[in-house]
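Dumping the structure here so I can ask a few things about it.
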Amino acid sequence: MTTTTTRFPIDLGAYKRLTLDPANKTLTAEQRADLKANIQLCRDAIIFFTATGAARGVGGHTGGPYDTVPEVVILDALFRGTPDQFVPIFFDEAGHRVATQYLLATLNGDLPAEQLTHYREANSHLPGHPELGLTPGVKFSSGRLGHMWPYVNGVAMANPGKAVFCLGSDGSQQEGNDAEAARLAVAQHLNVKLIIDDNDVTIAGHPSKYLPGFTVAKTLAGHGLKVLEGNGEDLDDLYARIVEAITTPGPIAVVNKRPMSVGIEGLEGSTHGHDVISVKLALAYLEKRGLTAAVDFLKAIEAPKNPYKFIGAGDKWDSNRNVFGDAVNAVLDGMSEADRKAKVIVIDSDLEGSCGLKKIHDAHPEVFIPSGIMERGNISAAAGFGMEKGKQGIFATFAAFLEMCISEITMARLNYSNLLCHFSHSGIDDMADNTCHFGINNFFADNGLDDGYETRLYFPADASQMKAVVSGVFNDPGLRFIFSTRSKTPNILDASGNDLYGAGYTFVSGKDEVVREGTAGYIVSFGDGLYRALDAVYRLKQEGIDVGLINKPTLNVVDEATIAKIGASPFVLVVEAFNRKTGLGSRYGTWLLERGLTPKYAHLGTHKEGSGGLWEQYPHQGLDPDSIIAKVKTLVG
């Protein structure tokens, strides 16, 4: 765990540890003043230490934790005042609001304040979502957005007579999980209290615009919950509603209206407030507050850079997740507007800027549907559009959420849909959100039977190959899943130093590609693992170990010619960022044995929980070039 002796530049010792009793329905003047002081102190601290994430390039989601400070400090005082009435855990179904959990851990003495200045940094044990057992003082793992309320229902069942709180958001309430949780909570009269930040902002826009007709309060009331709606910034009203929720048996929703990043100049009400505050705006805020030491601290931070120089890769780094949008546009550009509207639909799940769909939205709004955080419903809608021959549904989200869509993928297959899916943020690279956002179980998409409707999984290695893959498979029937990383990847070079996937390259589905020949054995890789494996191959050849390299851009199809070739060599090593238990390596050895091929075999993949940070995730999992080289040397003896 990273530690530091650098002093935290905001005095968290000034936090007033007041107590509140829900039997008292109004605040005294002194209590109100103490709460206001705590709110300001905590908001100052959150602005500062999340901005250290911006300064280091690891991100960090400022708006959510900043906004929900009033309800958090009220609950903190209530937990302290009458602890026997509550399960004193700040369960939060918007896991990216993790700054709240880290600040509370510090205020409770479990985490040194200085540690907060390493927010989301590699090996700091402060990842972008809370992880139980990793960070001192953290009392639950949130997982992904909208997964907490159903879990909290069970906590309430295990603690009869106590109130259990779940901090929610208008974004997390869009997930289908919460509709199911609401029905169970009402049916079983569970003493669950939802405290929901309703700011009409998510990553890509405003729910009131892309989901007109949806309101959090009316939806929850329709499920049978009592709803107490009000201004989240009116301290007396907020306190009164929370107390009413506590003293009223059964499930209650306290819905708090406020603009995103309330009071932050240049950010209030903006979608940019959802993610980390920029260093520029943080400095302006802290300077206005007179927090000079915090300003100086931020100004002194230098973003870490990966010093490793990869051999075999060029200097053109590009973002495949955005190139996907360019590649789709290139196909759509060749169609008439009438054909596009009749034959193609693109459905977003509030991640258009992260998955390349924004480029399609801008260029071809006639085929684009901005939608909510409803992955299951959206992928099914895209599949339903693509049920008819000649029509195509396109869907995109993060690869971590692929696990949520398995049943819907099966339904798409059973209905012979034409569905093109882009799952970005695959693997582990650049994943400061850490373990719950790893996209490592992508093979789950290929869950059909051998004689079922065709499913293909593709993971291009660089931007040029991404364009070739999209172009090559766009009009294919069946289910096609294209994966990309959060990180940028470099252009792959051939042995002569030219772009391997440049002019003249045509992607052929199902065909493996020989990147380098070798006599000592072969490494098989794909995606962002390829350029790392290529570097290892170069360095091994320099040491006299003549290793070859295979790119396997079609993940779930056996290329008989290639497997026969490399299966006759001394060893085969699969290198991937996918889960060791479910990825390519878990089945490649079987493919070899089924064909009577018996080289020495090994596979490297993601096998332990994350370390936070960016590129640091790769060496943490033993997937960096040095680790690949070491593994090859054990295979060659």
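The residues of the chain are indexed from 1 along the displayed sequence. These numbers come from the heavy atoms of this one structure, side chains and all, not from hydrogens, waters or symmetry mates.
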task = For ring-ring contact (aromatic ring centres under 6.0 Å, His included), just list the numbers for Trp615 and Tyr618, CA-CA rounded to whole Å, side-chain angles, deciding distance to a tenth of an Å, and then say yes or no.
result = CA-CA 6 Å; Trp615 73 88; Tyr618 253 82; over 10 Å; no

query = Counting heavy atoms not belonging to Lys391, are there more than 12 under 6.0 Å from its NZ?
reply =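 Count over threshold, so yes.
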
task = Would you indicate whether the side-chain heavy atoms of Tyr601 and Leu635 approach each other to under 4.5 Å?
result = no

task = Give, for atom CD of Glu616 and atom CD1 of Ile428, the distance between the pair rounded to the nearest 0.5 Å.
result = 11.0 Å

Enclosure of Lys541 NZ (heavy-atom neighbours >12, cutoff 6.0 Å) = yes

task = Please examine the side chains of Ile550 and Val514, heavy atoms only from C-beta on, and report whether any two atoms are closer than 4.5 Å.
result =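 Touching, per the 4.5 Å side-chain cut-off.
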
message = With a sphere of 6.0 Å drawn around OH of Tyr538, does it hold more than 12 non-hydrogen atoms of other residues, nucleotides or ligands?
response = yes

task = Grab the two heavy atoms, one from Ile409 and one from Asn447, that are nearest each other, plus how far apart they are.
result =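 Shortest heavy-atom contact: CG2-OD1, 4.1 Å.
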
key: Chi angles and distances behind the salt bridge (Lys or Arg N to Asp or Glu O under 4.0 Å) call for Glu543, Lys633   = CA-CA 11 Å; Glu543 295 184 37; Lys633 288 181 177 179; 2.8 Å; yes

request  = Assess the side chains of Glu513 and Tyr501: does a donor N or O sit below 3.5 Å from an acceptor N or O?
outcome  = yes

Residue pair Gln621, Phe438: steps toward the side-chain contact (heavy atoms from CB on, under 4.5 Å) verdict = CA-CA 12 Å; Gln621 299 290 346; Phe438 283 174; 4.2 Å; yes

task = For the pair Arg376 and Glu175, find out whether any cationic side-chain nitrogen is under 4.0 Å from an anionic carboxylate oxygen.
result =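 Salt bridge between Arg376 and Glu175, a charged N being under 4.0 Å from a carboxylate O: yes.
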
note = Here the gap from Lys343 atom NZ to Ser336 atom OG, rounded to the nearest 0.5 Å, amounts to 7.5 Å

note = Tightest non-hydrogen contact, residues Thr554 and Asp512, listed as O-OD1, 4.5 Å

Pair Tyr458-Gln465, side-chain donor/acceptor within less than 3.5 Å =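 The criterion, which ignores hydrogens and geometry beyond distance, is not satisfied for Gln465 and Tyr458.
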
request  = Could I get the full list of ring pair (Phe, Tyr, Trp, His ring centres under 6.0 Å) partners for His425, not counting sequence neighbours?
outcome  = Phe398

Short N-O contact, Arg486 and Asp433, less than 4.0 angstrom = no

message = Looking at Glu594, I'd like to know if its CD atom is crowded, meaning that more than 12 non-hydrogen atoms belonging to other residues, nucleotides or ligands lie closer than 6.0 Å.
response = yes

Residue list, side-chain hydrogen bond (donor to acceptor under 3.5 Å, both in side chains) with Thr562, at least two apart or on another chain =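 Asp559.
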
Listed partners of His61 passing ring pair (Phe, Tyr, Trp, His ring centres under 6.0 Å), at least two apart = His96, His274

key: Side chain proximity check, Asp429 to Leu614, heavy atoms < 4.5 angstrom   =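 Answer no - side chains too far apart.
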
task = Evaluate the side-chain proximity of Met387 to Tyr416: yes if any heavy-atom separation is below 4.5 Å, no if none is.
result =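 Counting from C-beta outward, Tyr416 and Met387 never come under 4.5 Å.
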
request  = Identify, with sequence neighbours excluded, every residue that meets ring pair (Phe, Tyr, Trp, His ring centres under 6.0 Å) alongside Phe483.
outcome  = none

message = Using side-chain heavy atoms (C-beta onward) and a distance below 4.5 Å, is Gln174 in contact with Thr202?
response = yes

task = Evaluate the criterion side-chain contact (heavy atoms from CB on, under 4.5 Å) for residue pair Ser380 and Glu408; output intermediate values, then yes/no.
result = CA-CA 6 Å; Ser380 283; Glu408 285 72 18; 3.0 Å; yes

ask   = Thinking salt bridges, do Glu560 and Lys565 make one under a 4.0 Å N-O criterion?
value = no

task = Please say whether the positively charged group of Arg144, taken as NZ for Lys or CZ for Arg, lies over the ring of Phe401, i.e. under 6.0 angstrom from the six-membered ring centre and within 45 degrees of the axis.
result =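 Ring-cation test returns no.
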
task = Ignoring hydrogens and angles, tell me if any N or O in the side chain of His272 forms a donor-acceptor pair with the backbone of Ser270 under 3.5 Å.
result =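 Pair absent, no side-chain N/O of His272 close to backbone of Ser270.
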
query = Between Ala577 and Gly427, which heavy-atom pair has the shortest distance, and what is it?
reply = CB-CA, 3.9 Å

task = Take Glu375 and Asn378 through the test side-chain contact (heavy atoms from CB on, under 4.5 Å) and record every step on the way to the result.
result = CA-CA 5 Å; Glu375 295 86 359; Asn378 289 338; 6.0 Å; no

key: Counterpart residues, ring pair (Phe, Tyr, Trp, His ring centres under 6.0 Å), relative to Phe368 (two or more places apart)   =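 Here the qualifying residues are His361.
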
key: Pair Asn442-Ser426, side-chain donor/acceptor within less than 3.5 Å   =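 Result is yes, a qualifying pair exists.
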
task = Could you check if a side-chain atom of His364 sits within less than 4.5 angstrom of a side-chain atom of Asp333, using non-hydrogen atoms only?
result =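 Yes - at least one pair of side-chain heavy atoms lies under 4.5 Å apart.
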
request  = Pick out which of Leu604, Val575, Ile523 makes a side chain to side chain contact (heavy atoms under 4.5 Å, CB included) with Lys631.
outcome  =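 It is Leu604, the one option of Leu604, Val575, Ile523 that forms the side chain to side chain contact (heavy atoms under 4.5 Å, CB included) with Lys631.
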
query = Got a donor-acceptor contact below 3.5 angstrom from the Tyr522 side chain to the Gly518 backbone?
reply =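 Indeed, once roles are kept as given, a pair shorter than 3.5 Å links the two residues.
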
inquiry  = Atom CE of residue position Met411 - does it have more than 12 heavy atoms of other residues, nucleotides or ligands inside 6.0 Å?
reply    =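 For Met411, atom CE is not crowded (no more than 12 foreign heavy atoms under 6.0 Å).
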
query = If every non-hydrogen atom of Tyr453 is compared with every non-hydrogen atom of Leu479, which pair is closest and at what distance?
reply =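 The answer is CE2-N, 4.5 Å.
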
key: Qualifying residue for side chain to side chain contact (heavy atoms under 4.5 Å, CB included) with Arg480, from Leu457, Asn418, Ile394   = Asn418

ask   = Is there any salt bridge (Lys or Arg N to Asp or Glu O under 4.0 Å) pair reaching into residues 578-589, and which pairs are they, with sequence neighbours excluded?
value = none

key: Heavy-atom side-chain contact between Ile482 and Val473 under 4.5 Å   =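 When only atoms from C-beta onward are counted, Val473 and Ile482 do touch, with a gap below 4.5 Å.
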
request  = Over all heavy atoms of both residues, which pair between Leu555 and Trp591 is shortest? Give the atoms and the distance, please.
outcome  = O-CH2, 3.7 Å

Parallel, tilted or perpendicular, as decided by the 30° and 60° cut-offs, for the rings of Phe443 and Phe578 = perpendicular

request  = Let me know which of Glu609, His129, Glu131 forms a side-chain hydrogen bond (donor to acceptor under 3.5 Å, both in side chains) with Asn434.
outcome  =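 Of the listed options, the one satisfying the test is Glu131.
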
inquiry  = As a quick check of understanding, evaluate side-chain contact (heavy atoms from CB on, under 4.5 Å) for Thr485 and Arg321, giving each step before the final call.
reply    = CA-CA 7 Å; Thr485 58; Arg321 58 191 172 109; over 6 Å; no

request  = Tell me yes or no: between the side chains of Asn441 and Thr582, is some donor less than 3.5 Å from an acceptor?
outcome  =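 Yes - a donor-acceptor pair under 3.5 Å links their side chains.
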
key: Residue Lys309 excluded, over 12 heavy atoms near NZ under 6.0 Å   = no

request  = Apply salt bridge (Lys or Arg N to Asp or Glu O under 4.0 Å) to Asp326 and Lys359, showing your working.
outcome  = CA-CA 7 Å; Asp326 294 327; Lys359 295 192 173 189; 2.9 Å; yes

inquiry  = Between Asp499 and Lys316, does any NZ, NE, NH1 or NH2 come within less than 4.0 Å of an OD or OE carboxylate oxygen?
reply    = yes

task = Could you go through the ring-ring contact (aromatic ring centres under 6.0 Å, His included) check for Trp317 and Tyr531 one step at a time?
result = CA-CA 11 Å; Trp317 292 70; Tyr531 75 87; 5.5 Å; yes

request  = Please confirm whether Lys552 makes a cation-pi placement over Phe526, using NZ or CZ under 6.0 Å from the six-membered ring centre and within 45° of the ring normal.
outcome  =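 Checked: cation-pi criterion not met.
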
task = Quick one: closest heavy-atom pair of Asp535 and Ile311, and the distance?
result =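 For Asp535 and Ile311, the tightest heavy-atom pair comes out as OD1-N, 2.8 Å.
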
query = Can you find a pair of side-chain heavy atoms, one from Ile563 and one from Arg595, that are under 4.5 Å apart?
reply =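 Side chain of Ile563 against side chain of Arg595, heavy atoms only: contact under 4.5 Å found.
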
